[in-house]
Amino acid sequence: MAKKEFQRPDGRKPDELRPIKAKVGVVPNADGSAMFSTGDTIAIAAVYGPKKMHPQHQQNPEKAILRCNYNMISFSVADRIRPGPSRRSMEISKITEWALEPVLMLENYPNMVIDVHINIIQADAGTRCAGINAASMALAHAGIPMRGIVSSVSVGKLDKQLVVDLNKAEEDWEEGEGATDIPISMTSDGKITHFQLDGKINNEQVQEAIRMAREACKKIYEIQKEALKEFLTENEGGKNG
Ligand code: CDP
């Protein structure tokens, strides 16, 4: 009997991302902002700063501090989420800082702080990656000097099959070995700035997951770059015309 072919719940190919939308300049009062959505996951990032860090004892005389705040809004999922910080949101905020810091020239702004507020308006898995993608674009839009853009995607293992950009139904996969979730962020020249792993996977498959993330991040980078270019052509002469 022929082996049953693996089917993703939404019929995507293993290396197929969900439909992506990206837009820059979505929060007029912020210094920089962007929206990034993949399928039903929608993230909005707003950047404020660089501005003087207060209280003063938190200042770093050598570089600016990147302060990210990841938040899932209460009605972003079917079960209402209790407002305010949680262990999960604090962890994701920290990870977002670590994923983005390597490309930011923070040394240009001693004693300052750059605040990045990431709101997940709607969640269907992959929110930390969508948040990082939006934040990266928003920082570029704010004019913060950067060595490159960071792109982020989650690679998953559903039973034994590797796939990119898991949705919630896939994250909850229970057949066979269940689901392994591997969010990965990288620069446009392929340097990994963030790697997490939730589940079990062997060494070879990790290498394959990284290869798949590289291909997916290339596609995401092109979309981020297009959105930034689109904003620049629509607003020649800078953010405020
Ligand atoms: O969103 P991401 O995959 O980065 O992080 P996760 O902690 O693995 O969460 C996966 C998904 O679970 C989220 O995207 C939401 O769709 C859902 N979730 C939820 O319904 N309620 C929560 N309190 C946290 C997550």
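Ligands are counted one by one from 1 in listed order, and the atoms in each one are counted from 1 as well. Because the structure is a prediction, the values reported are computed rather than measured.
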Just distances here: any N/O of [X] and N/O of ligand 1 closer than 3.5 Å?
{"X": "M72", "value": "no"}
{"X": "R128", "value": "yes"}
{"X": "I81", "value": "no"}

Q: Identify whether the distance between the nearest side-chain nitrogen and carboxylate oxygen of D10 and R18 falls below 4.0 Å.
A: no

Q.
For K200, is there an ion pair with E177 - N to carboxylate O distance below 4.0 angstrom?
A. no

Q. Numbering the atoms of ligand 1 from 1, which are under 4.0 Å from a heavy atom of V77?
A. 15 (C), 16 (O), 19 (C), 20 (O)

Q) Do E107 and E62 have side-chain heavy atoms sitting under 4.5 Å apart? A) no

Q) Does the side chain of V27 reach to within under 4.5 Å of the side chain of Y48, using non-hydrogen atoms? A) yes

Q. Should the proximity of D124 to ligand 1, defined as any heavy atom under 4.0 Å, be assigned to the side chain, the backbone, both, or neither?
A. backbone

Q: For ligand 1, indicate whether the residue T127 contacts it via side chain, backbone, both or neither (heavy-atom separation under 4.0 Å).
A: both

Q) Nearest non-hydrogen atom to atom 7 (O) of ligand 1 belongs to which of R88, R82, K168? A) R88

Q. Hey, looking at atom 15 (C) of ligand 1, which of A130, A123, S86 has the closest heavy atom?
A. A123

Q) What is the closest protein heavy atom to atom 8 (O) of ligand 1, and at what distance does it sit? A) E171 OE1, 3.3 Å

Q: Among all protein heavy atoms, pick out the one at the shortest distance from atom 16 (O) of ligand 1; state its residue, atom name and that distance to 0.1 Å.
A: A125 N, 3.3 Å

Q) Can you name the one residue among L139, N69, I144 that meets side chain to side chain contact (heavy atoms under 4.5 Å, CB included) with V116? A) L139

(Q) If you compare all heavy atoms of S136 against all heavy atoms of M146, which two are closest, and at what distance to 0.1 Å? (A) O-CE, 3.6 Å

Q) Can you find a side-chain donor-acceptor pair between S152 and N133 that sits under 3.5 Å? A) no

